[in-house]
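From a predicted model like this one, the values you see are computed outputs, not experimental measurements.
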Amino acid sequence: MKRNDTLIETARLFLRKMTQNDFGDLCKILQDSEVMYAYEGSFSNEEVQDWLDRQLNRYRNDGVGLYAVILKKTGEMIGQCGLTIQDIPNKRVFEVGYLFQKAYWHNGYATEAAIACKNYAFDILGVDEVYSIVRDSNLASQNVAKRNGMTIVGTFAKHYRGIDMPHYIFSAKRDGN
């Protein structure tokens, strides 16, 4: 049964905008050092709040952002996945991004949510191409991008937490483009 706040629905998941009430569930993701290894470590409470505030601002300013991923079976927020506007060399793009609680890895949830977000971008927003920007050491996220029909179209380094981090740029185009 679809919830009133659902933006995207899949066979097993609801995706909705996050609210301040999701802070605790967001901490389960962003404060887990294993989940956040590609970001060079877990976040403080202040960094989690900044992350949440950034999503709330994205919803208002961009009309998109990372969404809470809710497991239909339990009603629990198990991750976040959505569309954000990101800078890659020489352009601004719609990125499909995803982060999930470690307890829910290896169940296909990230792929299911990422495919739904790609289709939302193509079918609802009318976007012709979407991207995923993935750290070179993050093989699990690279595999999600590949299962989402994406291929590597470039590389660049992001400077974050005092170091340069090589990233792959994955892309998928809407059929017919």
Qualifying residues under salt bridge (Lys or Arg N to Asp or Glu O under 4.0 Å), relative to R147, sequence neighbours excluded: none

Test side chain to side chain contact (heavy atoms under 4.5 Å, CB included) applied to D22 and Q80, step by step: CA-CA 11 Å; D22 294 315; Q80 54 183 333; over 6 Å; no

If we only count heavy atoms from C-beta on, is the [X] to [Y] side-chain gap below 4.5 Å?
X: L7; Y: K17; result: yes
X: T10; Y: K72; result: no
X: T84; Y: D62; result: no
X: T155; Y: P166; result: no
X: L125; Y: L83; result: yes
X: W51; Y: I29; result: no

Euclidean distance, [Y] [atom2] relative to [X] [atom1], rounded to 0.5 Å:
X: E129; Y: M150; atom1: CD; atom2: CE; value: 9.0 Å
X: Q142; Y: I152; atom1: CD; atom2: CD1; value: 6.0 Å
X: M77; Y: F100; atom1: CE; atom2: CZ; value: 9.5 Å
X: F122; Y: C117; atom1: CZ; atom2: SG; value: 12.0 Å

Work out which heavy atom in [X] is nearest to a heavy atom in [Y]; give both atom names and the distance.
X: G149; Y: A172; result: O-CB, 3.8 Å
X: N148; Y: A114; result: ND2-O, 3.3 Å
X: R174; Y: V127; result: NE-O, 3.4 Å
X: L66; Y: G82; result: CD2-N, 3.6 Å
X: D5; Y: R16; result: OD2-CD, 2.9 Å
X: C81; Y: L15; result: O-CD2, 3.8 Å

Within one Ile-Leu-Val-Met-Phe-Trp-Tyr cluster: V130 and I115, side-chain cutoff 4.5 Å: no

Linking I/L/V/M/F/W/Y whenever any side-chain heavy atoms sit under 4.5 Å apart, do I124 and I85 land together? yes

Restricting to side chain to side chain contact (heavy atoms under 4.5 Å, CB included), what partner residues turn up for [X], sequence neighbours left out?
X: E46; value: S44, D50
X: K146; value: N143, F170
X: L71; value: L13, K73, T74, I78, Y104, Y109
X: N61; value: N57

Partner residues of D53 under the side-chain hydrogen bond (donor to acceptor under 3.5 Å, both in side chains) criterion, sequence neighbours left out: Q49

List the residues meeting side-chain hydrogen bond (donor to acceptor under 3.5 Å, both in side chains) with N45, not counting sequence neighbours, and say none if there are none. Q31

Selection residues 96-106 - residue pairs positive for salt bridge (charged side-chain N to carboxylate O under 4.0 Å, His left out), sequence neighbours left out: E34-K102

Residue pairs passing the salt bridge (charged side-chain N to carboxylate O under 4.0 Å, His left out) test with at least one member in residues 104-124, sequence neighbours excluded, are R12-E112

V153: which other cluster members, linking ILVMFWY side chains closer than 4.5 Å, directly or transitively? I88, V93, Y131, I133, F156, I169

Qualifying side-chain hydrogen bond (donor to acceptor under 3.5 Å, both in side chains) pairs with a residue from residues 92-101, counting only residues at least two apart or across chains: D87-R92

Got a sec, which pairs hit ring-ring contact (aromatic ring centres under 6.0 Å, His included) with one end in residues 54-73, sequence neighbours left out? Y59-Y67

